[in-house]
*Asks:* 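Supplied in structure tokens, the structure appears directly below.
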Amino acid sequence: MSSNYRTKYHRDGTVTVRDAYRQKWARRDAGSVLADDCVMSSLGEGERARIEAMAHGMTLAQARNLARRLVRAANDEGTVQAADMLDLAGRRDPTLHTTASIACAARALGCY
């Protein structure tokens with residue numbers, strides 16, 4: 001595939017993405033791309049993950065690191081205990097200091 005036909009990620013938090021339904025390129029904020037199901041459904045898994053990470057204010061490497069930490073913190077049943085959530089989320093949001101499944105914890109922490 002030619003480099004002219006790829007999603008481009010910009011340092012200012014915007015994304016140039018091809019809207020498959022409108023058949024045109026658009027430079028949009030990562031958060032608005034994330035909210036647009038039509039655009040997100042036309043992207044590959046890696047592109048969706050990177051846009052989600054950008055929308056939540058973290059790099060893809062930071063999101064992967066947080067995901068690894070979540071998996072290590074989870075028990076055999078796939079549950080992250082409240083004390084581990086406190087370590088992962090910090091004290092920024094007291095509502096996150098609860099026991100959660102890996103998927104719910106990842107969504108709450110912005111890496112899913």
Side-chain angles (χ1 to χ4, degrees):
M1 180 180 279
S2 171
S3 64
N4 294 333
Y5 297 101
R6 289 189 307 185
T7 301
K8 294 181 182 160
Y9 309 95
H10 307 280
R11 292 181 185 170
D12 63 355
T14 59
V15 180
T16 301
V17 65
R18 175 83 175 161
D19 187 336
Y21 297 97
R22 293 182 186 93
Q23 293 296 310
K24 63 180 182 178
W25 289 92
R27 185 169 178 167
R28 298 170 51 190
D29 180 71
S32 70
V33 175
L34 182 62
D36 190 342
D37 291 336
C38 292
V39 174
M40 289 296 284
S41 65
S42 67
L43 300 174
E45 184 178 342
E47 292 171 314
R48 289 192 304 268
R50 188 163 178 184
I51 289 170
E52 287 174 17
M54 285 179 69
H56 293 293
M58 64 176 78
T59 65
L60 188 57
Q62 290 170 326
R64 285 180 179 153
N65 183 37
L66 186 55
R68 280 189 208 102
R69 291 176 57 203
L70 276 170
V71 170
R72 281 196 300 263
N75 61 18
D76 292 338
E77 297 167 351
T79 303
V80 180
Q81 299 301 316
D84 294 323
M85 281 297 290
L86 179 64
D87 291 338
L88 292 166
R91 301 192 186 283
R92 65 178 176 198
D93 186 359
T95 61
L96 297 177
H97 303 162
T98 184
T99 301
S101 68
I102 291 176
C104 290
R107 259 186 243 106
L109 295 172
C111 69
Y112 188 80

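What's counted below: heavy atoms across the whole structure, side chains too, no hydrogens, waters or symmetry copies. Please read these numbers as outputs of a predicted model, since none were measured by experiment.
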*Asks:* Measuring only between side-chain heavy atoms, which start at C-beta, is Leu43 closer than 4.5 Å to Thr7?
*Replies:*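 The answer is yes; the side chains approach within 4.5 Å.
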*Asks:* Atom CD of Gln81 and atom CG of Asp87: how far apart are they, to the nearest 0.5 Å?
*Replies:*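 Taking CD in Gln81 and CG in Asp87, the distance rounds to 12.0 Å.
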*Asks:* Determine yes or no for a side-chain-to-main-chain donor-acceptor pair under 3.5 angstrom, with Asn75 supplying the side chain and Gly78 the backbone.
*Replies:*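 At least one qualifying donor-acceptor pair exists.
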*Asks:* Go through Glu47 and Met40 one step at a time and tell me if the side-chain contact (heavy atoms from CB on, under 4.5 Å) criterion holds.
*Replies:* CA-CA 9 Å; Glu47 292 171 314; Met40 289 296 284; over 6 Å; no
*Asks:* Show your working on side-chain contact (heavy atoms from CB on, under 4.5 Å) between Met85 and Thr99 and close with a plain yes or no.
*Replies:* CA-CA 7 Å; Met85 281 297 290; Thr99 301; over 6 Å; no
*Asks:* Looking at every non-hydrogen atom in both residues, tell me the closest pair between Ile102 and Leu70 and how far apart they are.
*Replies:*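 Nearest pair, atom of Ile102 first, then Leu70: O-CD1, 4.4 Å.
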*Asks:* Less than 4.0 angstrom from a charged side-chain N to a carboxylate O is my criterion; do Asp36 and Arg28 meet it?
*Replies:*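 A salt bridge is present here (some side-chain N lies under 4.0 Å from a carboxylate O).
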*Asks:* Considering non-hydrogen atoms only, spot the tightest contact between Leu88 and Ala73 and give its length.
*Replies:*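 Leu88 and Ala73 have their closest heavy atoms at CD1-CB, 4.3 Å.
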*Asks:* Check whether Met54 and Val39 end up in the same hydrophobic cluster, where Ile, Leu, Val, Met, Phe, Trp and Tyr are linked by side-chain heavy atoms less than 4.5 Å apart.
*Replies:*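 Yes, Met54 and Val39 fall within the same hydrophobic cluster.
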*Asks:* One pair to check against side-chain contact (heavy atoms from CB on, under 4.5 Å): Trp25 and Val17. What are the steps and the verdict?
*Replies:* CA-CA 6 Å; Trp25 289 92; Val17 65; 5.5 Å; no
*Asks:* Without hydrogens or angle criteria, can the side chains of Arg27 and Thr14 be said to hold a donor-acceptor pair below 3.5 Å?
*Replies:*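 Yes, Thr14 and Arg27 have a side-chain donor paired with an acceptor closer than 3.5 Å.
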*Asks:* Can you see which heavy atom on Ala20 is nearest to which on Ser42, and at what distance?
*Replies:*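 Nearest heavy atoms, Ala20 then Ser42: CB-CB, 3.8 Å.
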*Asks:* How long is the straight-line distance from CG of Asp29 back to CG of Asp12, given to the nearest 0.5 Å?
*Replies:*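 Rounded to the nearest 0.5 Å, the CG-CG separation comes to 8.5 Å.
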*Asks:* Between Arg18 and Gln23, which heavy-atom pair has the shortest distance, and what is it?
*Replies:*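 Looking at all heavy atoms of both residues, the shortest contact is NH2-OE1, 3.0 Å.
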*Asks:* Kindly give the heavy-atom pair with the smallest separation between Cys38 and Tyr21, and that separation in Å.
*Replies:*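 Residues Cys38 and Tyr21, closest heavy atoms: O-CE1, 3.0 Å.
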*Asks:* When you look at Val15 and His10, which way does the side-chain contact (heavy atoms from CB on, under 4.5 Å) test go after all the steps?
*Replies:* CA-CA 6 Å; Val15 180; His10 307 280; 5.5 Å; no
*Asks:* Tell me the closest heavy-atom pair linking Ala30 and Ile51, and the distance in Å.
*Replies:*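 Reported closest heavy-atom pair: O-CG2, 3.7 Å.
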